[in-house]
Number of protein chains: 2
Amino acid sequence: MSSQLKPGTSNACNITSLSLACEVNDVLRSISPRWKMQILHKIAAGHVQFSTLKQAFPSLSDQILGKRLGELVADELILKVVVKEKPPQHIVYEITDRAMELLKVIDDLHQWGLKWS
Amino acid sequence: MSSQLKPGTSNACNITSLSLACEVNDVLRSISPRWKMQILHKIAAGHVQFSTLKQAFPSLSDQILGKRLGELVADELILKVVVKEKPPQHIVYEITDRAMELLKVIDDLHQWGLKWS
DNA sequence: CCGCATCCCTTTGGATACTG
DNA sequence: CAGTATCCAAAGGGATGCGG
């Protein structure tokens, strides 16, 4: 952590790998779509249903919500639990461990935003 | 900092504020455009010029690079230093303190991505 | 050497309407 | 209750070419 600023040598902050350039972009891409982290955060607060999220974010439309939930499931950030199969269905979403860890970092980002806004 | 969360519903992870929903989105929006963090990361490694960045990212075009640099300056994540005014100009970009702190969080994000990929 | 103007294609987000 | 289909407007990213 004591390395000096010199072009081409090691970097100033404790960024571990220069392959960061490639990798972190994928992460950023996956978490930055609109509503995604809000939805995830809401789910983190407890098991919620589709309708719960609709109420929580009135200006979020159905098909975007459905799309985001699908992405979050695909990313394994949430789990879709079918409580009752037949209509009227009952489905709840649960957060996963990896998402909990992600939210810690997201919170750091939030803190950074507050500090420097 | 009032929370919309019901009393007793404790937050599963240690997210401090529920206003996170609004705020962190702005941060994510500002850091997620393509190339932006790569450019910032490169600048963090030492003072660099426009041409340095062009070489570092061959598939990055001039106008996108110019746009990103402008955004980074506007965000006060980098400083534009005019070394020589008249053509041929000489300009270097320097990282700011707030960007250094940001990069630490970005690195955490990177680590998270590596861990769970 | 350091960029911007213009044009264009792709991706994203959303409105409206409909189904199991 | 829990979504999907279709269509559409807006923003993002890039190629080409030019100017200070």
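Scope of the values below: all heavy atoms of this structure, side chains included, with no hydrogens, waters or symmetry mates. Throughout, protein chains are lettered first and strands after them, A, B, ... in sequence-line order, and every chain is numbered starting at 1. Being a predicted model, the structure only gives us computed values, none of them experimental.
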Kindly give the atom pairs (protein nitrogen or oxygen, nucleotide nitrogen or oxygen) under 3.5 Å for nucleotides 13-18 of chain C.
residue: C:dG13; atom: OP1; partner: A:Arg34; partner atom: N; Å: 3.1
residue: C:dG13; atom: OP1; partner: A:Arg68; partner atom: NH2; Å: 3.3
residue: C:dG13; atom: OP2; partner: A:Arg68; partner atom: NH2; Å: 2.4
residue: C:dG14; atom: OP1; partner: A:Arg34; partner atom: NE; Å: 2.9
residue: C:dG14; atom: OP1; partner: A:Arg34; partner atom: NH2; Å: 2.4
residue: C:dG14; atom: OP2; partner: A:Trp35; partner atom: NE1; Å: 3.1
residue: C:dA15; atom: N7; partner: A:Gln63; partner atom: NE2; Å: 2.5
residue: C:dA15; atom: N6; partner: A:Gln63; partner atom: NE2; Å: 3.1

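- Between the C1' atom of C:dC1 and the CG atom of B:Leu53 lies a distance of 14 Å, rounded to the nearest Å.
- Proximity of B:Phe50 to B:Leu65: side-chain heavy atoms (C-beta onward) are separated by under 4.5 Å at one or more points.
- Applying the salt bridge (charged side-chain N to carboxylate O under 4.0 Å, His left out) test to residues at least two apart or on different chains, the pairs with a partner in residues 81-100 of chain B are B:Glu76-B:Arg98.
- For the pair A:Tyr93 and D:dG3, the criterion of a side-chain N or O lying under 4.0 Å from OP1 or OP2 is met.
- Considering only heavy atoms from C-beta on, A:Lys54 stays 4.5 Å or farther from A:Leu60 through its side chain.
- Here the C1' atom of nucleotide D:dG20 and the NZ atom of B:Lys84 are 13 Å apart, to the nearest Å.
- We find that CG of A:Leu65 is positioned 10 Å from C1' of D:dA2, with the value rounded to whole Å.
- Between the CG atom of B:Asn25 and the P atom of C:dT12 there is a distance of 16 Å, rounded to whole Å.
- Residue B:Lys80 contributes atom NZ, which lies 10 Å from atom P of C:dC2 at whole-angstrom precision.
- Atom C1' of nucleotide D:dG20 and atom CD of B:Gln89 are separated by 7 Å, given to the nearest angstrom.
- Within the 4.0 angstrom heavy-atom criterion, no nucleotide atom of any strand lies near A:Lys54.
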